[in-house]
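Taking it in order: structure first as structure tokens, then the write-up.
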Protein chains: 2
Amino acid sequence: MTIQHPAAYVHPEGARLSLHVPGSRIQPATLYAAGSEIYGQGEKAGTLYQVEFGAVRVYRLLADGRRQISAFHLAGEVFGFESDGRHHFFAEAICATGLQAIRQGPGSDLSQRLLPLVLKSFVRAQEHLLVLGRQNAAERIAAFLLDMAERQGGLETFELPMSRTDIADYLGLTIETVSRAISSFRAKGIIRLRTQRTVELLKPEALRGMSE
Amino acid sequence: MTIQHPAAYVHPEGARLSLHVPGSRIQPATLYAAGSEIYGQGEKAGTLYQVEFGAVRVYRLLADGRRQISAFHLAGEVFGFESDGRHHFFAEAICATGLQAIRQGPGSDLSQRLLPLVLKSFVRAQEHLLVLGRQNAAERIAAFLLDMAERQGGLETFELPMSRTDIADYLGLTIETVSRAISSFRAKGIIRLRTQRTVELLKPEALRGMSE
DNA sequence: CGTTGACTTGAAGGTATTCAAGCTTTGTGG
DNA sequence: CCACAAAGCTTGAATACCTTCAAGTCAACG
């Protein structure tokens, strides 16, 4: 309902960094600037990506510009799965993001390792269906904040790499409704905002009580 | 929002039929009566199912009874994927349904064949996110009817195996809203109902125009 | 310090829900 | 085979929640 497909920012397409993230293969990561496109709807698929750092949004558009973000991907997570050789979605870097490409050599035993990753993404999507289909605005925001906290190590203070507009398009709400729900949590002493995108969970139980 | 988890009907658990569906392995199918449970949340997973005939709903419940159906499965389709050995969802037969069990022998090359199936389910779930997050009631019903028609061979007349309540819980609406949208399509001459569950598409283009 | 984009807050309006009643279909027992 | 009951579906009216429209505040950056 909100945003036009943003024209890709200028970004160092193909720029390569040598990164040594612990536990990762020692390979160069590709850097994507904030807002740059990783792949687009209709493009040929076949490459998977693992997030080294930063954050990615995967989304789809309706003809009139309404946007649904189906998933955010944070450090460590793998995305880029498609079913018939073509991408059905767009993927963009939300902020400066390093990606490790995983080539799908045909006939490799990669599918053995891929299956659990795809299954995890699938279960996550299904659980998000419950949020979009059956939860109200406050419940959606509560579930979202808890999910973000958990995926960033479970600490009580964490960062939101994405804008309110992104959150709205992920949760099927408007930016105003997102803002109001967050303000309401703040007024009730459930959360505190160190900055607009730094959240501190003061009463996580209160959020858990809402999201189920 | 609607339904309590229905107590499983009496059903011939383990009853076996010899079916010879063309193209399928010649193995006995298990018959499930309307409303009977195939698996439940928390149960040990590991078995996949292919629908021989009938229809299945896969869903999740909130503590207060709100239900979200994440997918329907019709003849030919495979379901039962789970990510960590436990089912996160419930699966029930909607009507009398025959299922072919696919055992996941560990270490088999089954994952090679499974991957495309999981990917297809994943893409389907992601596309449903767009419907739940960004489409209004009429658009949801339009998309649903087109999807049902297509999955039953693309004919202009097809059956809805599920109740209005199931449709509502799949589309994130109430039963009344589903009924009103269908009535509205009927009043506009877009569809005709031979019976309450037999739909005839008079102007499929009109529906296509709504769902994107 | 001024401008731009992101975010917040307020008020009015709209779409879907809730509550309620009536209708249709299906199944069951007499 | 009919009558009745139960379930499923439809329709109407009032309400609620979220959206839309509008204005104002805050933060980042040149």
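Quick note on labels: first sequence line is chain A, next is B, and so on, each numbered from 1.
For the pair Met210(B) CE and dT15(C) P, the interatomic distance rounds to 12 Å; values are reported in whole Å. Rounded to an integer number of Å, the gap from Leu173(A) CG to dT8(C) P is 14 Å. Look at CG on Asp166(A): it is 12 Å from C1' on dA6(C), rounded to the nearest Å. When rounded to the nearest whole Å, the span between CG of Asn136(B) and P of dT19(D) equals 13 Å. Rounded to whole Å, the distance from CZ on Arg164(B) to P on dT11(D) is 10 Å. Atom CD1 in Ile167(A) sits about 11 Å away from atom C1' in dC7(C), given to the nearest Å. Distance CE (Met162(B)) to C1' (dA7(D)): 18 Å, rounded to an integer number of Å. Atom CZ of Arg134(A) is separated from atom C1' of dT17(C) by 11 Å (rounded to the nearest Å).
Among all heavy-atom pairs drawn from Ala168(A) and Ile175(A), the shortest one is CB-N, 3.6 Å. Residue Met210(B) comes nearest to Ala138(B) through the heavy atom pair CE-CB, 3.6 Å, listed as atom of the first residue, atom of the second, then distance.
Contacts of Ser183(B) with the nucleic acid, taken as non-hydrogen atoms under 4.0 Å apart, involve only primed sugar atoms and P, OP1 or OP2. Note on Arg197(A): only backbone sugar-phosphate atoms sit closer than 4.0 angstrom, heavy atoms only; bases stay farther off. Heavy atoms of Ser163(B) sit under 4.0 angstrom from primed sugar atoms or phosphate atoms, though from no base atom.
Between Thr177(A) and dT19(D) there is a side-chain polar atom (N or O) within less than 4.0 angstrom of OP1 or OP2.
Checking dC18(D), dA16(C), dT11(D) against the side-chain heavy atoms of Ala137(B) singles out dA16(C) as nearest. In this structure, the nucleotide among dA13(D), dA16(C), dT20(D) sitting nearest to the side chain of Arg180(B) is dA13(D).
Glu92(B) contributes atom CD, which lies 4.5 Å from atom CZ of Arg57(B) (distance to the nearest 0.5 angstrom).
Under 4.0 Å is where a charged nitrogen must lie from a carboxylate oxygen, and between Asp147(A) and Arg124(A) at least one such pair does.
Two residues are said to be in side-chain contact when any heavy atoms from C-beta on lie closer than 4.5 Å; Glu176(A) and Arg180(A) meet this criterion.
Along DNA chain D, the nucleotide closest to Thr195(A) and the one closest to Gln135(A) are compared, and the more 5′ of them pairs with Gln135(A).
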